[in-house]
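Note on naming: letters A, B, ... go to the chains in the order of the sequence lines (proteins, then strands), and numbering restarts at 1 for each one.
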Amino acid sequence: MQNDVIIAGFGGQGVMLIGKMLAYAGMNQGKEVSWLPSYGPEMRGGTSNCTVVISDKPVASPVIQSPRALLAMNLPSLDKFEPRVKPGGLILINSSLIKRDAVRTDVRVLKVPANDVANELDNPKGANMVALGAYVGATRAVDVAEMEALIRKTFAAKPKLIDRNIEAFHRGYAIGEAGVK
Amino acid sequence: MAKKLMKGAEAIGEAAIRAGCRLFFGYPITPQNEIPEYLSHRLPQVGGTFVQAESEVAASNMLYGAAGTGERVFTSSSSPGISLMQEAISYMAGSQLPVVIVNIMRAGPGLGGILPAQGDYLQSTKGGGHGDYRLLVLAPNSVQEAADLVIEAFDLADYYRNPVLVVGDGLIGQMMEPVEFKDDYAPVRPLPPKTWASTGHTGGEKPRSIINSLFLDPEVLEKHNQALQAKYAEMEKNEIRYEGYGLDGDYDVLIVAYGTVARVCQTAMEELEADGVRVAMIRPISLYPYPSQAVREAAEKASGVLVVELSAGQMIEDVRLALEGRRPIHFHGRTGGMLATPEEIVDKVRRIVEGRGGKS
Amino acid sequence: MIQTVFQKPDSLASVITHYCPGCTHGVIHRMVGEVLDELGVRDRTVGVSPVGCSVLAYNYFETDFHEASHGRAPAVATGIKRARPDLIVFAYQGDGDLASIGMGEIIHCANRGEKITVIFVNNAIYGMTGGQMAPTTMPNQVATTCPMGRDVEQAGWPIRMAELVSALRTPAYVARASSHSPLHTVQAKAMIRRAFQYQVEGTCFSMVEVLSTCPTNWGLPPNEADRWLEEQMMPYYPLGVFKTPDGRDRAPKPLPADE
Ligand SMILES: Cc1ncc(C[n+]2csc(CCOP(=O)(O)OP(=O)(O)O)c2C)c(N)n1
Ligand code: SF4
């Protein structure tokens, strides 16, 4: 079994962080993982992305040409990566910021109003946690308990954020879970 | 120690520290900046020294000086910087100094780009600087292997009194993967005492040590060169490393690839095998000495060989030498920082099987 | 009637640069472009770009350009000028490029009195590679390769290039200006103009060091970066003309009697 995902968005949306958290959670539950950031000239354009692979076997290529999933936090990311998603794969669209539908019809599409949910929870910076939750809810790529433990660890220095981010994660998780039923 | 998720560049820095290295000299260059940045805060914590030199020319000569005192020393850079180090590398090889150098290769020639490439294979393995010398060259394909090989590189350098070069590409430097470091580190083999080091003449008890590559008398220089060659012959006997994938089964096509691109080939192999195409792979880990015999033997079972590189075709020359025309050799290469994709490799292998591979 | 009162110099290309918001590389490009226009030398000018954030300067000037390897721009410029003395040749370099890896090239170029112009952009950091320490990084200034701040015991004091180059005996024009405020750019442009003027007249080597900001790697918003430059850099890097072609050798001070 392998889960792989490209997570993409503006610098500052925390896409690198949730990618790392996914990889950590995968590793902590005994899976093989890799996390590959985009680096190079494209970073100056303000969008960034990372590729995460979580697998039962040693990870072959850490570069994924056709990912099983795409988590697009902004429009340029959807424009760029939508054509590359594997047929039958999954596209999560941050519908708070992306006002178009997916063009592809051979993939599952799940709209996640990540910023709206985060704002509702009075945790505007937690949109990435909502999105992370939705991805985990839709794919079960990693265990929820593992993810919760990791959120606690990641925000250990800012205890106020722990419960809020766990809440954001669960709201996202519910959207993800419902979306694939 | 438990597994930790680490960036390749940081794992390489930590590996040097685990190997007992306390001295780093370097100069910033993308995509390996995280190595010096990591060591600039880690080395002082363990009583070590980090020096940002004014250039790679200076950094490599600082390495030359420090290695001459018998200390374990380390530098890292990326392609254009490694080019600037070639003079000192030639001097260090000539003076038989143990040093470890990491090259996180980027695309060239010239200033080129900063994305992954393997265009420095010939420079690394055929003597990038002047004179008759060889470096021991190792090429990891994962963060864990990069860390392991860097630690071992320090032992190999000390054992052979020779520079060891570890080459990766931008992916090795930038990606994060789980790494495990052993809690206690011991050399993999007994290492000779460094009686040659310049640690002071100590009241005449110790013979004077002169770190030198100048031998004006041609007879003496030839003898020196013969001793170097004997050492390289010993490396060729002992230090061949490679990994085989599916070499025990039957296969029609043998892929030869090293470094991270070999992992892209693995993904392609999974797809091909699912379709019933019989394919195997050999991944050289030591680029010098090159696993020629293993490549030759593995190729014997195949009807065709495919070399995949992130270059216009450099390692393929060693594959040609190894096969001596016994099998047709095909090539797939990407350059400029473009990555070979599994789809491209699948397609190429299919065409070889169907007899449309186009020979190189 | 609509009147154009401000426009892009012809010597600059109509493109959007890749510089970060608040970065003063663009301001310095503009000053050079205006001077080339005013002196009417655009058609016979060849620029040399460095390796640093301004590596793409060849896209931003409407003149011929060479891209040099890291630090070697003064040598490349020497080659161009010696081959074609009628050309106006300038090198545009950052502080890592000029004062670190290229120290040998700049000193010898100045010392040979090559009749070229060097625009030296001092932003006290390595911009392009992501904020490592430069030879010009201020004492205690944090950079990615001096996470505890620059320790002058280990890394020495920041190098004052204008002072260093002006100590050479060979006649030259050497000045330092800043680019962080409109007032300072007026002075900077006057210096850049004089530097090019000396080249046009075939008088001497000329170099203008321009203090510049790097909000991105200093980790400051642009307005605070301007303030930081003024408060932290300017006292250490005084502005002014350090040497003119008629300048004399500096005489050493006499030894105190008791030594
Ligand atoms: C031989 C070589 N070494 C290192 C580098 C990496 N490198 C690129 S730009 C740069 C320094 C840039 O700093 P600076 O000159 O201060 O210019 P800035 O980016 O701040 O404008 C370095 C070290 C390189 N390209 N070539
Ligand atoms: S990194 Fe610094 S020097 Fe480079 S463009 Fe940005 S602000 Fe300017």
Side-chain angles (χ1 to χ4, degrees), chain A residues 1-7 15-44 48-68 81 83-87 142 146 149-150 153-154, chain B residues 2-9 30-34 104 106-107 112-116 141-145 169-180 243 245 257 260-271 273 281 283 308 310 334 336-346:
Chain A
M1 242 298 270
Q2 173 165 316
N3 278 294
D4 47 63
V5 57
I6 292 182
I7 307 176
V15 298
M16 295 301 195
L17 176 71
I18 57 176
K20 276 185 204 174
M21 289 174 73
L22 258 183
Y24 261 111
M27 180 181 80
N28 290 347
Q29 63 188 78
K31 305 230 183 204
E32 303 284 349
V33 298
S34 69
W35 173 87
L36 180 70
S38 59
Y39 77 96
E42 62 187 276
M43 281 168 61
R44 296 230 177 223
S48 57
N49 71 78
C50 62
T51 305
V52 180
V53 183
I54 303 170
S55 177
D56 296 333
K57 293 184 306 178
V59 177
S61 177
V63 184
I64 306 290
Q65 187 59 28
S66 314
R68 288 174 168 81
F81 294 110
R84 277 175 45 184
V85 176
K86 224 183 203 113
V142 292
E146 202 60 68
L150 201 66
K153 218 173 126 188
T154 308
Chain B
K3 272 192 185 175
K4 224 180 128 183
L5 201 58
M6 279 183 106
K7 217 173 202 196
T30 313
Q32 60 81 56
N33 285 319
E34 292 84 348
I104 301 293
R106 59 187 241 182
I114 59 174
L115 292 172
N141 75 338
S142 68
V143 173
Q144 179 73 58
E145 193 173 68
D169 56 44
L171 295 180
I172 288 282
Q174 297 296 318
M175 77 181 159
M176 284 180 107
E177 287 187 321
V179 194
E180 197 167 3
E243 190 174 5
Y245 304 78
T260 51
V261 76
R263 291 174 61 173
V264 179
C265 294
Q266 263 179 281
T267 300
M269 284 170 69
E270 286 167 12
E271 220 166 290
E273 279 157 7
M281 178 165 72
R283 173 174 72 90
V308 183
L310 300 183
R334 297 299 303 262
M338 296 299 292
L339 290 174
T341 64
E343 289 77 7
E344 287 166 11
I345 297 161
V346 165

(message) Given heavy-atom pairs under 4.5 angstrom as the criterion, report whether the side chain, backbone, both or neither of A/K57 touches chain B.
(response) side chain
(request) Determine whether B/I172 and B/T260 make a side-chain contact, defined as any pair of heavy atoms from C-beta on separated by less than 4.5 Å. (result) yes
(message) At a 4.5 Å cut-off on heavy atoms, which part of B/L339 comes close to chain A: side chain, backbone, both, or neither?
(response) side chain
(request) Go through the atoms of A/V53 and report whether side chain, backbone, both or neither lie under 4.5 Å from a heavy atom of chain B. (result) neither
(request) Name the member of B/K7, B/E177, B/Q174, B/Q266 that forms the most heavy-atom pairs with chain A at distances under 4.5 Å. (result) B/Q174
(request) Rounded to the nearest 0.5 Å, what's the gap from CE on B/M6 to CD on B/Q144? Could you check? (result) 10.5 Å
(message) Only pairs of heavy atoms separated by less than 4.5 Å count here; which of B/P342, B/P116, B/A262 has the most with chain A?
(response) B/P116
(request) Determine yes or no for a side-chain-to-main-chain donor-acceptor pair under 3.5 angstrom, with A/E146 supplying the side chain and A/G26 the backbone. (result) no
(request) Report yes if the side chains of A/L22 and A/I7 come closer than 4.5 Å at any heavy-atom pair, otherwise no. (result) yes
(request) Supply the atom-to-atom distance A/I54 CD1 to A/Q2 CD, rounded to the nearest 0.5 angstrom. (result) 9.5 Å
(request) Could you look at A/V63 and say if it's the side chain, the backbone, both or neither that has a heavy atom under 4.5 Å from chain B? (result) side chain
